[in-house]
Amino acid sequence: MRRRLLIGLTAGSLLAALTACGSSGEGGGSDDGGGAGGTTTVKVGIIPIVDVAPVYLGRKKGFYEKRGLKLSMTTAQGGAAIVPGVVSGQFQFGFSNMTSLMIAQSKDVPVQAVVNGAASSGVAGEDFGAITVKKGSPVERPRDLEGRKVAVNTLKNINETAVRASVRRDGGDPDEVDFVELAFDQMPAALDGGRVDAAMVVEPALATVKSQGGREIASAMVDVADKLTVAMYFTSRQYAQRHPDVVERFREATAESLAYADAHPDEVREVVTTYTKIPAPVLAGVTLPKWPAEANRPSIEALRDLGERDGLFADEPDLDELLP
């Protein structure tokens, strides 16, 4: 009961922040479509994980520069923290998992998806995210997580939903799992030190866990839906209405970056070293996400349905309004 109360307070706090931000202005920054030499500087809220490698690679290859954009990156723990930043104008664009965006949209927080972000491979045992346990753990399968402590980067969000899906699919009761919030880069040490029994990690943390002798017991994103669209880049509806040209240039540059990253995995691994501290030997074992040009709407609908089952939405998210 105490755990559920804490989760409720966390969700309530997030909602309060989102609602407050929903009435905010756009904030500062060189986001007016102009700037020195015709360049527009846009601030982008991202998570320091492999998923966002395409934007770093696209910036390096000049895909944004040739469209008159300069990216200024700021990191956060998860999409739930980035959403208020975009809506308040702290960032012009953000990277967020689809559940955070649907939670916001269902509360009439003015978010608008712009372009695809990252997708699951759809292949169990060969995905960029997984439920992991330490070497020698008695936990063998998802239903064994009942009564155990499982780390997710954000409570009541996509990774908790994914773990719940895996536990439910294996015949277990996800309500009996003790979820705790922990940043991805802290999960390998917490798992290895026994502070949590399992962790829902994504790359590069997944490779780190494996380098410590840990193992995966389920590809949770695969259990949600085939080739799940995990995340997208988004902006606020206000910004999209006031600066449609900037949004379109960002969409085009990011789409080109996604395609380039999908076709050049070696360059992706190289650019990851510029914004994470993952050692080269570990990086070689990283499983990359998929970066398709278009979002997979049926998979997002499946994620929405699971979110409704888990009680994440007060009202059903309007995907027609949220998606581009």
Side-chain angles (χ1 to χ4, degrees), residues 7 10-22 24 26-29 31 41-56 58-59 70-105 107 109-118 128-129 151-162 179-188 190 199-206 208 229-236 239 250 254 257 271-272 274-278 289 312:
I7 289 174
T10 300
S13 299
L14 172 61
L15 175 58
L18 290 173
T19 303
C21 289
S24 302
E26 289 186 37
D31 61 340
T41 298
V42 292
K43 298 177 182 178
V44 185
I46 52 93
I47 311 168
I49 54 179
V50 172
D51 308 38
V52 300
V55 293
Y56 283 95
R59 182 173 67 174
K70 180 180 179 181
L71 303 189
S72 174
M73 314 280 213
T74 300
T75 60
Q77 181 167 323
I82 294 172
V83 168
V86 170
V87 175
S88 68
Q90 179 184 357
F91 313 126
Q92 282 71 60
F93 298 95
F95 176 88
S96 175
N97 70 80
M98 292 310 304
T99 298
S100 286
L101 292 178
M102 288 190 287
I103 289 173
Q105 199 276 332
K107 295 298 181 182
V109 176
V111 291
Q112 175 64 61
V114 174
V115 63
N116 202 22
F128 74 99
V152 293
N153 71 314
T154 307
L155 294 172
K156 291 294 183 182
N157 220 294
I158 188 169
N159 284 301
E160 180 176 334
T161 292
F179 291 98
V180 297
E181 188 170 285
L182 199 62
F184 285 125
D185 61 0
Q186 297 175 22
M187 290 182 187
M200 176 60 203
V201 294
V202 299
E203 297 289 13
L206 177 56
T208 302
T229 292
V230 176
M232 295 185 72
Y233 294 92
F234 71 103
T235 188
S236 68
Y239 190 83
F250 181 84
T254 304
S257 300
V271 82
V272 169
T274 66
Y275 65 92
T276 73
K277 297 179 181 179
I278 183 169
L312 300 186

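Between Thr74 and Val44, the closest side-chain pair of non-hydrogen atoms is not below 4.5 Å. With contacts defined as side-chain heavy-atom distances shorter than 4.5 Å, the pair Thr75/Ile46 qualifies. Considering only heavy atoms from C-beta on, Lys70 stays 4.5 Å or farther from Arg59 through its side chain. Annotation: side chain of Asn157 is not in contact with side chain of Val152 (no heavy-atom distance under 4.5 Å).
Contact between Met200 and Gly129 at its shortest, heavy atoms only, is CE-C, 4.1 Å. Considering all non-hydrogen atoms of both residues, Tyr56 and Val271 come closest at CB-CG2, 3.8 Å. The minimum heavy-atom distance linking Ile82 with Gly94 is given by the pair CG2-CA, 3.7 Å. A pairwise comparison of heavy atoms in Ser236 and Val86 identifies N-CG1, 3.6 Å as the closest pair. Heavy-atom minimum distance, Ala76 versus Ala81: CB-CB, 4.3 Å. The two residues Pro204 and Pro48 make their nearest non-hydrogen contact at CD-O, 4.5 Å.
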Under the side-chain contact (heavy atoms from CB on, under 4.5 Å) criterion, do Val55 and Ser257 qualify, and how do the steps go? CA-CA 6 Å; Val55 293; Ser257 300; 5.6 Å; no

Mind running side-chain contact (heavy atoms from CB on, under 4.5 Å) on Thr235 and Phe250 for me, showing each step along the way? CA-CA 10 Å; Thr235 188; Phe250 181 84; over 6 Å; no

Output, in order, the C-alpha distance, side-chain angles, deciding distance and verdict of side-chain contact (heavy atoms from CB on, under 4.5 Å) for Val202 and Val50. CA-CA 8 Å; Val202 299; Val50 172; over 6 Å; no

Step by step, work out the side-chain contact (heavy atoms from CB on, under 4.5 Å) result for Gln90 and Lys43. CA-CA 8 Å; Gln90 179 184 357; Lys43 298 177 182 178; over 6 Å; no

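Going from atom CD1 of Ile49 over to atom OH of Tyr275 covers 8.0 Å, rounded to the nearest 0.5 Å. Note that the CD1 atom of Ile103 and the CG atom of Asn97 stand 7.5 Å from one another [nearest 0.5 Å]. Atom OG1 of Thr254 and atom CZ of Phe95 lie 11.0 Å apart (nearest 0.5 Å). Distance check: Thr276 OG1 to Glu203 CD gives 10.5 Å after rounding to the nearest 0.5 Å. Annotation: the span from Phe93 atom CZ to Tyr239 atom OH amounts to 5.0 Å, rounded to 0.5 Å. The CZ atom of Phe184 sits 12.5 Å away from the OG1 atom of Thr208 when rounded to the nearest 0.5 Å.
Each of Ile158, Thr99, Asn116 was compared with Val230 under the side-chain contact (heavy atoms from CB on, under 4.5 Å) criterion, and only Ile158 meets it.
Judged purely by atom type and a 3.5 angstrom limit, Gln92 has no side-chain atom pairing as donor or acceptor with the backbone of Val42. Looking only at distances, no side-chain donor or acceptor of Gln186 sits under 3.5 Å from a matching main-chain atom of Leu182.
Qualifying ring-ring contact (aromatic ring centres under 6.0 Å, His included) partners for Phe128, counting only residues two or more places apart in sequence or in other chains: none.
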